[in-house]
Amino acid sequence: MTARFPLTLPDMNALSAEDFEVHFAGVLEHSPRYARVVAQSRPFTSAEAVARAFAGAFDADSQEEQVALIRAHPDLAGKAALAGDLTPESAGEQASAGLDRLSFDEYAEFHRLNAAYHERFGLPYVVCVRENTKASIFEGARRRLANTPEQERAAALHEIGRIARLRVLDLIREENA
């Protein structure tokens, strides 16, 4: 199984562990191991339950593993985006907020914000771009630079949970929906 298309809950619950991992590998950026963990919790009764299982999987991780998950995310409008090296999920999400069509000044501002994040926190700025506008993404980055490292780690994990939820909902078609 290589294509990722919405599956019904019964079909998703019937997948082999290997096919489940392939189908949900992109839910958490460059972290397919979480799909292996979530597969063990089947059967699920809703797409929301699957999304909660992904959040629970990284919530249960050590702080070091959580930081590694955050660091697996690309900088917004960063070098990977410019080079076309984003995952399909990230590329689509960044495009949905117009981050693939920035002015020179906006690219410069993202470069500055990304650099400030790496300097202050050693992390990329992570936000659920599908739930934001370009303006709110900029504003959020500026505001979150005032966070403590602990607050920022928690904020990034919260955003990762929001990203994962939307990605899961893209991959499961509920029968009554």
Side-chain angles (χ1 to χ4, degrees), residues 4 6-9 11-76 78 80 86-94 96-97 113-114 116-118 120-132 136-137 139-141 143-174 177:
R4 290 189 203 137
L7 295 174
T8 64
L9 282 166
D11 289 343
M12 180 268 309
N13 281 320
L15 290 174
S16 69
E18 180 181 277
D19 285 345
F20 187 97
E21 181 179 343
V22 169
H23 191 72
F24 292 96
V27 168
L28 294 171
E29 197 77 9
H30 297 293
S31 302
R33 73 178 185 88
Y34 290 101
R36 284 191 295 276
V37 171
V38 172
Q40 297 172 15
S41 298
R42 289 178 293 166
F44 291 105
T45 58
S46 70
E48 292 291 347
V50 178
R52 284 191 301 275
F54 272 96
F58 67 76
D59 281 344
D61 270 349
S62 69
Q63 183 172 334
E64 293 78 24
E65 291 168 317
Q66 290 174 343
V67 168
L69 176 62
I70 297 167
R71 287 183 178 147
H73 287 73
D75 286 327
L76 295 177
L86 295 176
T87 63
E89 295 86 358
S90 285
E93 290 160 356
Q94 289 199 29
S96 75
L113 288 168
N114 287 335
Y117 256 80
H118 285 283
R120 176 150 171 72
F121 303 116
L123 303 170
Y125 169 58
V126 178
V127 64
C128 182
V129 296
R130 286 170 61 181
E131 294 181 344
N132 283 277
S136 68
I137 293 168
E139 188 278 324
R143 180 179 32 80
R144 283 174 46 192
L145 274 168
N147 282 348
T148 65
E150 295 78 22
Q151 289 170 324
E152 185 52 31
R153 186 175 58 81
L157 291 171
H158 175 76
E159 293 296 319
I160 289 170
R162 293 168 66 187
I163 294 164
R165 177 182 173 271
L166 292 176
R167 290 180 179 183
V168 165
L169 295 179
D170 288 342
L171 295 170
I172 299 174
R173 177 175 44 89
E174 299 219 27

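Fair warning: this is a prediction, and the values are worked out from it, not measured in the lab.
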With sequence neighbours left out, what residues match [X] under side-chain contact (heavy atoms from CB on, under 4.5 Å)?
X	result
S16	E18, D19
H158	R162
A116	L145

(request) Under the side chain to side chain contact (heavy atoms under 4.5 Å, CB included) rule, what do E29 and R167 come out as? Steps first, then yes or no, please. (result) CA-CA 10 Å; E29 197 77 9; R167 290 180 179 183; 3.0 Å; yes

Can you name the nearest heavy-atom pair linking [X] to [Y], along with the distance?
X	Y	result
P6	R173	CB-CB, 3.9 Å
A51	V168	N-CG1, 3.9 Å
L113	A141	CD1-CB, 3.9 Å
S46	A49	OG-N, 3.0 Å
N13	P43	OD1-CA, 3.2 Å

[X]: which residues meet the salt bridge (charged side-chain N to carboxylate O under 4.0 Å, His left out) condition with it, sequence neighbours left out?
X	value
R120	none
R153	none
R143	E139

(message) With side chain to side chain contact (heavy atoms under 4.5 Å, CB included) as the criterion, how do V126 and I163 come out once you've worked through the C-alpha distance, each side chain's angles and the decisive distance to 0.1 Å?
(response) CA-CA 9 Å; V126 178; I163 294 164; 3.9 Å; yes

(request) Tell me, with the steps shown, if L9 and T45 meet side chain to side chain contact (heavy atoms under 4.5 Å, CB included). (result) CA-CA 7 Å; L9 282 166; T45 58; 5.9 Å; no

(request) Indicate the ring-plane relationship of F20 and F54, choosing parallel, tilted or perpendicular according to the 30° and 60° boundaries. (result)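 It falls in the parallel class, under 30°.
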
Let me confirm one number: the [atom1]-[atom2] distance from [X] to [Y], rounded to the nearest 0.5 Å.
X	Y	atom1	atom2	answer
L76	N132	CG	CG	10.0 Å
R71	Q66	CZ	CD	12.5 Å
L166	E93	CG	CD	7.5 Å

What residues, two or more places apart in sequence or in another chain, satisfy side chain to side chain donor-acceptor pair (under 3.5 Å) together with [X]?
X	result
T8	D11
R130	D170
N147	E152

(request) Examine distances only and state if a side-chain atom of E131 and a backbone atom of C128 form a donor-acceptor pair shorter than 3.5 Å. (result)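 Between the backbone of C128 and the side chain of E131 there is no qualifying donor-acceptor contact (under 3.5 Å).
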
(request) Using ring pair (Phe, Tyr, Trp, His ring centres under 6.0 Å) as the criterion, list what pairs up with Y125, not counting sequence neighbours. (result)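 Result, ring pair (Phe, Tyr, Trp, His ring centres under 6.0 Å) vs Y125: Y117.
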
Using a 4.5 Å cut-off on heavy atoms from C-beta on, say whether the side chain of [Y] contacts that of [X].
X	Y	value
L69	Y34	yes
R144	E159	yes
L7	L15	yes
N114	P124	no

(message) Working note: L171 + F24, criterion side chain to side chain contact (heavy atoms under 4.5 Å, CB included); need CA distance, chi angles, decisive distance, verdict.
(response) CA-CA 8 Å; L171 295 170; F24 292 96; 3.7 Å; yes

(request) Name all pairs fulfilling the salt bridge (charged side-chain N to carboxylate O under 4.0 Å, His left out) condition that reach into residues 52-64, sequence neighbours left out, sorted by first residue then second. (result)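 For residues 52-64, and leaving out neighbouring residues, the salt bridge (charged side-chain N to carboxylate O under 4.0 Å, His left out) pairs sorted by first residue read R33-D61.
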
(message) Filter on salt bridge (charged side-chain N to carboxylate O under 4.0 Å, His left out), then keep only pairs touching residues 34-51, sequence neighbours left out; what's left?
(response)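 Residue pairs passing salt bridge (charged side-chain N to carboxylate O under 4.0 Å, His left out), neighbours aside: E21-R36, E48-R165.
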
